[in-house]
Amino acid sequence: MLFTLFRRILLILVSLLLLSIVSFAIFMRDPANQVFSGPHFYSGYADYVRSLLHGDLGITYNGGDQLLSVILTVLPPTLELCFMATLLGLLFGIPLGFLGAFYRNRPCGKAINALSSLGMSLPIFWIAPILLYFAAVYRWEISAVGQVNLLYNIKPITGFAAIDVWFIDVPYRTKVVQNILQHLALPTLVLMITPIMEITKIIQQRAEWVMSQNYVKLPIARGWSAFKVLRYYLLRNTLPLLIPQLPRLITFILAQCMLIEGTFAWPGIGRWLIDAATHQDYNAIAAGVIIIGLFIMIINFLAELFMLLLDPLNKKGWYAR
């Protein structure tokens with residue numbers, strides 16, 4: 001167990017090294033940063049890494065603000081969408097997966113299987129503007145863009161508007177909460193399509209394989225109810241499978257979120273990076289690459305650490321059949 005943990009930490013260090021090299025290469029695209037190229041390339045790289053370790057990401061040319069403070073402002077809205085989509089994907093995908101497994105030979109199960117395959121192939125960047133169009137034309141309450149109405153002033157504490165709203169002390173706080181949820185609903189509705197469909201597919205395939213085993217067929221033959229089979233066999237042999245899949249799923253949702261932020265005028269890091277690329281702000285792009293890479297590595301490390309605690313000797317085989 002300790003050797004596996006040490007190996008993972010070593011792999012993270014190597015990944016950080018490669019990530020810093022890529023970030024430094026982007027950073028050097030700016031002619032103003034050519035001072036870091038002398039007297040030797042590696043000396044400039046060492047200075048750059050030293051600044052990163054001290055939390056100094058530099059300044060953005062689009063306003064002159066410190067990049068660290070800017071990223072701490074634009075990253076939480078993106079993570080808010082990402083985590084909400086993942087949570088809703090788990091809440092809806094897990095029951096649909098088990099339902100499709102129990103009724104796999106009936107129209108209900110076949111429909112769930114077909115919809116999960118179709119939903120995974122839908123282009124989110126195409127669905128987002130269409131859904132926003134229909135929401136605006138038919139005047140849905142969720143046809144709002146941005147994170148919150150500009151009339152409301154929410155002091156940033158955690159950076160997550162859905163959390164920070166509970167710290168404000170105003171008589172119309174319920175109205176502010178409603179407004180935030182209305183702004184959050186439409187982009188979350190678009191982003192949750194892929195995780196729901198993928199989680200449904202994973203759960204259904206795994207549950208069908210578990211139900212085909214003899215140790216599950218015997219209780220079913222004895223007349224056990226579906227709920228009892230689910231409780232004693234399916235949950236404990238299916239849900240841990242999602243843990244190693246979550247990092248890949250969260251990374252995919254993060255990428256989709258960054259694509260649709262411009263459509264919904266969401267003040268996230270994806271929209272900010274696109275603006276930085278438009279203005280050729282290589283300092284901001286390099287810092288964004290570092291932050292996004294760190295987030296993905298942290299998610300992967302936490303998932304692998306949790307799986308290591310569940311199965312130290314890696315003998316249970318939590319993988320899709």
Side-chain angles (χ1 to χ4, degrees), residues 81-128 131 185 187-257 299-300 302-304 306-311 314-321:
L81 281 182
C82 185
F83 290 144
M84 284 295 297
T86 304
L87 178 62
L88 292 177
L90 291 171
L91 289 178
F92 288 98
I94 292 175
L96 284 175
F98 285 126
L99 190 65
F102 278 117
Y103 300 101
R104 58 188 180 278
N105 295 323
R106 300 183 184 181
C108 176
K110 294 180 180 179
I112 291 176
N113 189 23
L115 286 176
S116 62
S117 300
L118 176 64
M120 291 171 60
S121 60
L122 290 177
I124 298 301
F125 58 87
W126 175 72
I127 296 176
L131 190 59
T188 304
L189 184 64
V190 173
L191 286 174
M192 65 185 281
I193 295 175
T194 299
I196 287 179
M197 297 299 103
E198 187 159 354
I199 291 172
T200 299
K201 194 75 172 179
I202 294 172
I203 292 294
Q204 184 175 1
Q205 290 179 350
R206 177 70 178 189
E208 288 178 358
W209 180 83
V210 173
M211 292 176 66
S212 67
Q213 304 304 302
N214 292 331
Y215 65 87
V216 180
K217 287 182 178 179
L218 182 59
I220 294 176
R222 289 180 175 178
W224 281 28
S225 64
F227 178 77
K228 194 173 181 180
V229 173
L230 175 69
R231 177 184 174 187
Y232 283 95
Y233 293 106
L234 293 185
L235 288 179
R236 65 185 64 183
N237 288 288
T238 304
L239 293 186
L241 172 67
L242 290 177
I243 298 174
Q245 302 293 333
L246 282 179
R248 178 185 57 81
L249 189 60
I250 292 176
T251 302
F252 186 64
I253 296 173
L254 179 65
Q256 289 185 330
C257 181
I299 293 296
N300 276 279
L302 291 178
E304 291 178 359
F306 194 56
M307 285 303 299
L308 189 62
L309 294 176
L310 287 179
D311 186 14
N314 194 24
K315 290 184 177 181
K316 294 184 179 181
W318 300 119
Y319 54 88
R321 298 282 182 173

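Given the structure is predicted, the values throughout are model-derived calculations rather than measurements.
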For the [atom1] atom of [X] and the [atom2] atom of [Y], what is their distance to the nearest 0.5 Å?
| X | Y | atom1 | atom2 | value |
| --- | --- | --- | --- | --- |
| Gln205 | Glu208 | CD | CD | 7.5 Å |
| Ile199 | Ser116 | CD1 | OG | 12.0 Å |
| Leu241 | Ile202 | CG | CD1 | 6.0 Å |
| Leu131 | Ile193 | CG | CD1 | 7.5 Å |
| Met197 | Ile112 | CE | CD1 | 9.0 Å |
| Ile127 | Leu191 | CD1 | CG | 10.5 Å |

message: Under the salt bridge (Lys or Arg N to Asp or Glu O under 4.0 Å) definition, can you give me all pairs with a residue in residues 106-120, not counting sequence neighbours?
response: none
message: Contact between Leu81 and Ile253 at the side-chain level, heavy atoms closer than 4.5 Å - yes or no?
response: no
query: Is the shortest heavy-atom distance from the side chain of Thr200 to the side chain of Leu115 under 4.5 Å?
result: no
Atom pairs and distances, donor-acceptor, side-chain atoms in residues 212-222, under 3.5 Å, two or more places apart:
residue	atom	partner	partner atom	Å
Ser212	OG	Trp209	O	2.6
Gln213	NE2	Trp209	O	3.1

- line: Sorted by chain and residue number, the side-chain contact (heavy atoms from CB on, under 4.5 Å) partners of Pro107 (sequence neighbours excluded) come out as none
- prompt: In chain order, what residues pass the side-chain contact (heavy atoms from CB on, under 4.5 Å) check against Ala128, with sequence neighbours excluded?
  reply: Val190, Ile260, Thr263, Phe264
- prompt: Can you pull the side chain to side chain donor-acceptor pair (under 3.5 Å) pairs that have at least one residue in residues 187-199, sequence neighbours excluded?
  reply: Thr194-Gln256, Glu198-Arg248
- request: Quick one: list whatever passes side-chain hydrogen bond (donor to acceptor under 3.5 Å, both in side chains) with Asn300, sequence neighbours left out.
  value: none
Sequence neighbours left out, cut at 3.5 Å: what donor-acceptor pairs do the side chains of residues 82-105 make with other protein atoms?
residue	atom	partner	partner atom	Å
Thr86	OG1	Cys82	O	2.8
Arg104	NH1	Ala101	O	2.9

query: Taking only residues two or more places apart in sequence, or in another chain, which ones meet Glu304 in a salt bridge (Lys or Arg N to Asp or Glu O under 4.0 Å)?
result: Arg8
- prompt: What heavy-atom pair brings Pro240 and Pro244 nearest, and what distance separates the two atoms?
  reply: O-CD, 3.3 Å
